[in-house]
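Here the structure comes first, spelled out in structure tokens, and everything after it is commentary.
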There are 2 protein chains.
Amino acid sequence: MEGMPVSMGGLRTLPWYVAGSQVLGVACVVITGVWMGHYRGGYAWDGSTQEFNVHPLCMVLGLVFLYGDAVLVYRVFRNETKRSVKILHALLHMMALIISIVGLVAVFDFHSAAKIPHMYSLHSWCGMLTFVLFFIQWLLGLGFFLFPWASAQLRSWYLPLHVFFGLLLLVMSVGSCLLGITEKLLFSIMETYSRFTGEGVLANILGLLLVCFGVVVGYVVTSDDFRRPPNPEEEALSVHFKTLSEGEIPSSP
Amino acid sequence: MEGMPVSMGGLRTLPWYVAGSQVLGVACVVITGVWMGHYRGGYAWDGSTQEFNVHPLCMVLGLVFLYGDAVLVYRVFRNETKRSVKILHALLHMMALIISIVGLVAVFDFHSAAKIPHMYSLHSWCGMLTFVLFFIQWLLGLGFFLFPWASAQLRSWYLPLHVFFGLLLLVMSVGSCLLGITEKLLFSIMETYSRFTGEGVLANILGLLLVCFGVVVGYVVTSDDFRRPPNPEEEALSVHFKTLSEGEIPSSP
């Protein structure tokens with residue numbers, strides 16, 4: 001059931017998938033903004049429900065949209081050097097991290113002001129697990145790949161785990177958002193949700209669009225058709241580095 | 001960021017991952033059974049909430065545990081013929097399909113009896129989308145791989161899509177279950193959920209165990225270390241078949 005290449009039109013379809021992911025990602029951020037801004041009373045930073053409203057917007061923007069884009073850069077910037085793309089990948093993830101910290105502070109502030117216990121729901125457990133693993137993954141990524149702290153052997157051991165957990169964390173981010181949408185709807189409009197009111201339908205559509213964003217990003221980064229082409233110069237340097245780090249004499253200068 | 005093999009102890013760790021997945025899967029089914037049986041009043045088939053209780057149990061058993069096991073068979077039965085494993089894969093999916101249909105009938109029956117509108121929540125949208133895609137995927141799988149209705153070229157085009165959607169549907173099943181857990185808790189124990197009551201904590205733990213089951217199954221089927229070894233005899237037959245189907249004369253009998 002494995003080992004055959006994908007063939008959906010090959011590399012020339014990549015721009016369509018990338019464009020699609022961006023339309024979906026922007027739509028998710030805009031719909032979250034409209035939901036909180038129009039239906040839930042807008043934004044503030046005073047411990048009120050308006051401060052809570054900052055939370056969904058930051059999480060969708062940081063842990064879904066920017067996180068997804070950080071994952072995509074290796075497929076989009078195919079011919080730039082690995083080092084440049086790594087720096088962009090790390091920077092986008094740093095932005096995602098900062099924005100999601102703002103989002104977390106907003107919800108903890110709101111809970112404290114309203115005397116609501118923290119961290120009791122499945123949404124909070126999944127969301128916090130996702131955030132903590134993302135922070136660890138970001139630190140390990142910096143240490144292993146951006147700064148030369150790890151040996152080539154250690155890097156090649158960690159790389160597939162970094163890739164696997166990277167995609168897993170996008171899935172967990174999207175899942176946590178969907179749990180948050182369900183929680184928010186049942187806390188706010190439980191009585192009218194079953195009557196297909198505008199707010200309920202809009203939030204459900206947001207959930208489906210978040211799933212679609214995750215699916216498109218997941219497809220682009222896992223499809224064999226869209227893999228980054230090997231760069232002969234970098235490969236040579238990498239072999240050279242590996243040989244030196246293993247204490248052997250390189251066969252050519 | 002790609003192209004290097006995983007190295008977590010190689011193939012000899014596979015039995016541990018498979019055993020872990022089974023422990024997690026059985027734990028999920030048992031905890032769902034205990035939650036509905038002990039905290040939610042047991043089971044019945046009379047349109048009452050006891051009939052609703054059949055729904056979570058069937059979905060976790062069918063669309064998560066049996067579905068996950070159906071996905072795992074290609075890694076577990078490594079040396080059996082592809083045809084035998086395909087039949088087992090299709091049979092496990094058929095059991096998953098039948099059990100999940102029972103689970104769907106239970107919740108629709110309950111909604112009708114209690115005069116609750118159908119299909120208004122994000123959980124129902126995601127869950128139904130997952131079920132419909134699963135049914136289509138199962139039919140296409142039968143037509144493409146188990147019965148000789150498709151050409152080798154069509155099979156090799158569809159195979160990676162079947163694999164991608166197969167894993168996506170497991171993720172969507174787990175996600176739909178987590179949405180269902182959140183809905184059920186907020187409908188049943190909204191007042192006490194934030195006080196870390198036994199039922200709320202048990203259901204949250206169920207959610208995390210479902211995520212862990214999905215992660216372990218996902219890791220086993222995507223890791224390069226655990227790929228099914230190519231069978232020279234089957235490869236030869238496949239090439240032979242492909243050559244014949246393309247109307248060329250095979251170079252050897």
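In what follows, chains carry the letters A, B, and so on, assigned in the order in which the sequence lines appear, proteins first and then strands, with residues in each chain numbered from 1.
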Taking every non-hydrogen pair under 4.5 Å, which of [options] racks up the most with chain A?
options	result
B/Met190, B/His123, B/Arg195	B/Met190
B/Ser194, B/Gly175, B/Pro117	B/Ser194
B/Leu179, B/Val201, B/Leu168	B/Leu179
B/Val171, B/Val174, B/Leu208	B/Leu208

Smallest separation among heavy atoms of A/Trp35 and A/Glu199, with atom names:
NE1-OE2, 2.8 Å

Taking all non-hydrogen atoms of both residues into account, name the closest pair between A/Leu169 and A/Gln137 and its distance.
CD1-CB, 4.1 Å

Chain A contact via B/Val221 - which portion, at a heavy-atom distance below 4.5 Å:
neither

Where on [X] is there a heavy atom nearer than 4.5 Å to chain B: the side chain, the backbone, both, or neither?
X	result
A/Ile181	side chain
A/Tyr193	both
A/Ile205	both

Quick one: does B/Thr182's side chain get under 4.5 Å of A/Ser121's, heavy atoms only?
no

A/Phe108 ring center near A/His111 ring center (under 6.0 Å)
no

Going by the angle between their ring planes, with limits at 30° and 60°, are A/Phe144 and A/Trp157 parallel, tilted or perpendicular?
tilted

Can you say whether the rings of A/His55 and A/Phe52 are parallel (under 30°), tilted (30 to 60°) or perpendicular (over 60°)?
tilted

